[in-house]
Structure formats: structure tokens, C-alpha cells
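In what follows, chains carry the letters A, B, and so on, assigned in the order in which the sequence lines appear, proteins first and then strands, with residues in each chain numbered from 1.
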Amino acid sequence: MTPEEALVEAEQAVAAALRKLGWPELPLDRSPQHGDLAVICFPVAKQLRKPPEALAKELASALVVRGLRANALKGYCNVALDWRPLAPELLVQMATGDFGRGAPTGHRVLIEHTSANATGPFHMGRARNPVIGDTLARLLRYNGDEVATEYYVNDMGRQAATLAYGVRHFAPGDAEKVDHALVECYRQANAALESDPAAKEAIYALMERCEQGDTEAVAEVAGAAEKMLAGMRVSLARLGAETGAFFHESQLVTGGAVGKVIEALVESSLCGDEEGAKYLDLTDYGIAGRNQKFFFTRKSGLSLYTTRDVAYHLSKFSRCDIAINVLGEDHKLQSQLLALALTELDANAPDVVFYAFVSLPGGKMSTRAGRVVYLDDMLDEAGQRALAELEQRRPDMAPVQREKLAAAIGTGALRYNILRVQAEKGFTFRWHDALSFEGDAAPFAMYSHARCCAILRRAKGEPGGDPPGDRHATEEEFLRQLSHWPATMVRAAGERKVHLLPPYAHGLARALNGFYRDCQVIGAPEEGFRLALVDATRRVLGDVLGLLGVVAPEEM
RNA sequence: GGGCCCGUAGCCUAGCUGGAAGGGCACCGGCCUUCUAAGCCGGAGACCCCGGGUUCGAAUCCCGGCGGGCCCGCCA
């Protein structure tokens, strides 16, 4: 019997007991504070003219008679499963390595994430995107979906043209990494754009040539973007969050896809015209005030960013069943309009995971004001602090191994800290919090994984064997935690809430550490059983860390 | 001005399809002669932004405020 089946059985027993008592049905809490199931006795108190506490007690007695472990507490009747008969099957399942992993769903999912404009190195504000996107991709893949990831490269439009102009006319900075060097070109071009009319004209001319599909202009702009992107990709690779494919905006224009979108949209009954500029009239779609006109061409007839985005999504849906975009909250309106336009073309609309911005204690991050924390610097700093820790704790470790581990710990800590906060909640970046290596942080889960490995490495016996008759209380809590993994994963994947993962890792690591304290494994009479428990934890913890994009080390 | 999101201990954060306020940092006290102390145990700390409403019951749902973020271009 599985824990789920045992729970269903317990629920049936509760229902039977209620019938026998002559009470109406009562609400249940399936993730209660105590035990595995709680019956909430408040609703019938008035009807039965008894305080909830007394009702809970009465019900508990009735359940105990039926052979369940039930306890009345403050108007709740808590029921705990007997994990003894459940443990062997659960451990066998977990030993297969597929515990929690979903069966293939047959869904082709395309996740677009990051897609940062190639204007400079990633800063911490932008870093939220690849981390969430990458973990979402790993999670859905684990869930059984067929997942591809894509980075939409913006090589059309003003910013891209500005960079190209900068690369052509200004000298890069002397930073070693190409994106950090090239951002200097972009800064100067931006300044020129504001102060020098000739520069402005050149940049806009370049942009327009691109939009017309001029291959030479496109090549120049795309080439500049590509150079910048090379540096940015190094950062993503370091983060362990590089996308599978890069889709260039320019190919939508040169390949004719945008033209087709414009033709189709013009046919819409909602299409309006303002001095030659075409728009969709969205008055009836509940869009607020001024945004009711969704322009898809300029009066010159050329496309706009949003038009190209429509074309991009049409392309996406020719390759997938479900498209998911990871976007900053500043794209909310834009995304809504895109969805409406796609609906107007009888196409699917993407699902979107929005995340709020990361700010600094002084306010927003601003490249121009020089108030930024670069991802690369953050990664360096995190790695260095981890290395300092390791040098102190593990002087015995080979330096090469130490450095590799330190980098993994630094990156892991960063990813974990980003992931543990709900996407839609903004947060303020603080070095101290971001580099925390204690408590609810990646190193704790990593360390717990390493502990499992250490025990398994040192043990002479094999995992397995019958569970002992008496189970330590912490062992039970441990089994309970372990058994919740599949449901946690399914919920996180279904609701696309990656922030549900870190608390699970933390809870499991805590359960392991409690067990570690109370239960000697090696040399104990129940060694085989306990080794199986430890091995199962090693696997599950390893899986969760894998989804978070955090290395699960064998020693630490 | 309008739209969307957020508001939980000194700080960060979970819980938000209503049911017992979780965790972490920082703070105080204890634990390295047994499998790694990035750990464990104990303590203290919360008008769940404010005001109403619905309900046996509201951090959670509804209405109205306040505070913060984001957005409102024939830019991207």
C-alpha cells in the first residue's frame, strides 16, 4: 500500500465514523500541523450543541476503536498514519530513482526566457529571468513534458542599432570580458544619440534599413548583438542557465513572417487606420483607456516590435503545444495586447510567468547612474566567499577540487536565493542575504546531500532490509517528508511555481539532520533499513537540487 | 489620473482555492571522544499595513483607504 492509498483509507474510516456518530460531513486538512490528516470539528459545534474540543475528543475515540492513531487537539481531530507497513514499499519506489519523476505527458513545451537585449552584461535585476526560466524548464522536463528553451534575440530596433553604431564608432572599454568591454560602446552611442543629431540620424536610418529587411544592415546590427551576446552567454553558462536555442528577431523580417502577420491583421474587422498607421481596436476587450489601439504598423507601413512578437509567437506555436514566457512585470500590458492580437488571428496565446524587479537598497538598479550589481561580480564574490569557507573547513581537500566546489556553492547559493522568493514579489538585493550560506539556503541542502553520501560511503552494509518494529519518531517524520515529494513536484509544475521547490529541499534537509542526530545508521541493528532511508534522501535531495540548478556534491 | 502586482517579528520570507501563523538572518543560552557543527537543541521576538463586510471561523474572500513597485509611445 502506498501512503496515498493509506490516506484514502483513513479518510474513509473518518467518514464511516462520522456516519456512525450521526454527524454531518466535516472538512479535512490534508497537510495538517500534526499527523497526516486533520478533521476540523468547528462547523458542527453549534448544530450538535457541544464545544469543538469535546467533538474532537469523541471522534478521536471513535477512530481509535477503528484502529487509527487519532488525537484530539483544540477542536481538531488529528489522525496519523502508521508508517511501519508503508515504509518498505515507499523505499522500494524511491530506490528506483524515478520516484517523483512524472511519466511522459506528450506535451511539447517551449519556454522563452532571458531574452535580454544585448546592450550590456547581466545585472542582478535581469538575473532573475534565466534562473526562474531554467528551473521551470528543468521542472517541466522532470514532470514529463518535452521541453525546449529559447532566447529571443532582439537585433532589430533602436537599442540594437545603437549598439551597432557604438561598436562601429567607439572604442570598447578595457575590461577582459567582451560584454563588459562592449557596454562602453553602447554607453557612448547612447550619449551620442541624445547629444549628436548626426548620430541620431545614423542610428535611426540603420534601424529603418533593418526593418525594411536590408540584409547588409541586418548583418551589421545582428553581428554587433552577437558579439555582446557572446559575453552574456558566458555568464548564463556560469549560472547553468543557458537556453537551448537563440531565435533572432531579424529573421522574422527577412523571412517574410512579419509581412504575413501584417496582411492577416489588416483583414481583421477590428483593424483601424490612422494616417496610414494600422491598429487593432481593442475597445471591447476591457483594455484600459489609451491602450485600446494596438498599433501594428507605423504610418510608413513598417512593422513594430509588437508585430514581430506576434510573428514570433506564431512561429513558436508551429513548434510546440504550450508556450511559456518568463517576463518582467513591466511586460504585463504588452503581453496582454499580444495575446489579444494572437486570438484575433485564431492562434494560441502563451502562458506567462511574471516576476517583479530586484532593486538595490538605494532604489532601482541603473546602469547609467552606475548603481548596478553585475551578475559576474556577484558570482565571483559568492565563489570567493565559498572558497574561504572551504579553506577553513576542508584544508584536506585538493585545491582544484576545492575551487570547483566553491564555484558550485557560490552559484548554488545565488540561484537558491532567487528561487525561494515568489516570482511576483519584488525584493531588494543585499549582499549579506544573497551570500548567506546558512539556514534556508543552498549550502544547507548541498551539505545534507553530502552527509547522505558520506554515510553511504562509509557503511559496509547494503541499503534494504525490513524495517524494525519500533520506529523512532524522527524516522516517521522523515518518511512523511520523503513521501511528499511527488505531490510537491506536481503542484510546482502544474502551477509553474518554482518557489515551492526550495522549501521542500529545506524541509527534507531538516528532516535528515534530525534523523542524523537521533538515529545512528552505521552499525545500528536497523542499519539496512536506515541506509535505505538515507539513500532515498540522497536521490530525492539530488533531484530537487538538480531542478534548482544547484550541484549536489558528494562531499563538502 | 487609470490599470496590474505587492504589504506577515528588527530584517528576509512561506502560507493566499477560508480552518492550529511556518522557516531563515540577526539576538540570548546549550551541544563537536560515535556516520561532516555550512549542523542540532532550547529561549525571546507578530495589533499578518489600516478600516469595514461575509462566515461558526479571515493573513487568506469582498468593499474602501494608506504605503511601495510596474505599466499606460506609430520605442523596444
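Side-chain N/O atoms of A:Asp330 and base N/O atoms of B:A76 include no donor-acceptor pair closer than 3.5 Å.
Ion pairing between A:Glu475 and A:Arg530 holds under the 4.0 Å rule for side-chain N and carboxylate O. With respect to A:Glu274 and A:Lys293, a salt bridge is recorded, a charged nitrogen being found less than 4.0 Å from a carboxylate O.
A:Asn78 comes within 4.0 angstrom of a base, heavy atoms only. No engagement by A:Arg457 is indicated, since no non-hydrogen atom pair under 4.0 Å with the nucleic acid exists. Counting non-hydrogen atoms under 4.0 angstrom, A:Leu390 reaches a base of the nucleic acid. Among the heavy atoms of the strands lying under 4.0 Å from A:Tyr516 is at least one base atom, whether or not backbone atoms are also near. Nucleic acid contact for A:Lys278: none, since no nucleic acid atom lies under 4.0 Å from a heavy atom of the residue. As judged by a 4.0 angstrom heavy-atom cut-off over every strand, A:Cys519 is placed among the base-contacting residues. Counting non-hydrogen atoms under 4.0 angstrom, A:Glu527 reaches nothing in the nucleic acid. Residue contacts shown for A:Glu438 are limited to sugar-phosphate atoms, with no base heavy atom under 4.0 Å away. Among the atoms of the strands shown, only primed sugar atoms or phosphate atoms (P, OP1, OP2) are found under 4.0 Å from some heavy atom of A:Lys332. Within 4.0 Å (heavy atoms only), A:Ile522 reaches at least one base atom of the nucleic acid.
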Just do the side chain to side chain donor-acceptor pair (under 3.5 Å) check on A:Thr135 and A:Arg415 with the steps written out, would you? CA-CA 9 Å; A:Thr135 286; A:Arg415 283 188 66 135; 3.1 Å; yes

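Between A:His499 atom NE2 and B:G15 atom P the separation is 4 Å, expressed in whole Å. Rounded to an integer number of Å, the gap from CZ of A:Arg517 to P of B:A37 is 13 Å. When the C1' atom of B:G24 is taken as reference, atom NE2 of A:His506 falls 7 Å away, rounded to whole Å. With rounding to whole Å, A:Tyr416 atom OH is found 14 Å from B:C25 atom C1'. Remark: P of B:G19 and CZ of A:Arg30 are 13 Å apart, rounded to the nearest angstrom. Between the OH atom of A:Tyr504 and the C1' atom of B:U13 there is a distance of 20 Å, rounded to whole Å.
Within the 4.0 Å cut-off from OP1 or OP2 of B:C35, not a single side-chain nitrogen or oxygen of A:Lys460 is found. Distances shown here put every side-chain N or O of A:Gln47 at or beyond 4.0 Å from the OP1 or OP2 atom of B:C56. Here A:Arg308 reaches the OP1 or OP2 of B:A76: one of its side-chain N or O atoms lies under 4.0 Å away.
A distance cut-off of 5.5 Å between ring centres, combined with a plane angle under 30°, leaves A:Phe357 outside any stacking arrangement with the base of B:G69.
Ring planes of A:His506 and A:Phe444: perpendicular class, angle over 60° (limits at 30 and 60°).
The listed nucleotides are B:G39, B:A20, B:A76; the one nearest the side chain of A:Asn154 is B:A76. Listed candidates were B:C35, B:C75, B:G15. Nearest to the side chain of A:Leu500 is B:G15. Set against B:C40, B:A14, B:C75, the side chain of A:Arg298 has B:C75 as its closest nucleotide.
Using Watson-Crick or G-U wobble geometry with both donor-acceptor distances under 3.5 Å, B:C27 finds its partner in B:G43.
A distance of about 11 Å separates the P atoms of B:C4 and B:C63, rounded to the whole Å.
Counted by atom type alone, A:Asn513 and A:Ser448 present one or more donor-acceptor pairs between their side chains at under 3.5 Å.
Figure legend: cation-pi geometry between A:Arg451 and A:Tyr516, with NZ or CZ positioned under 6.0 Å from the six-membered ring centre and within 45° of its axis.
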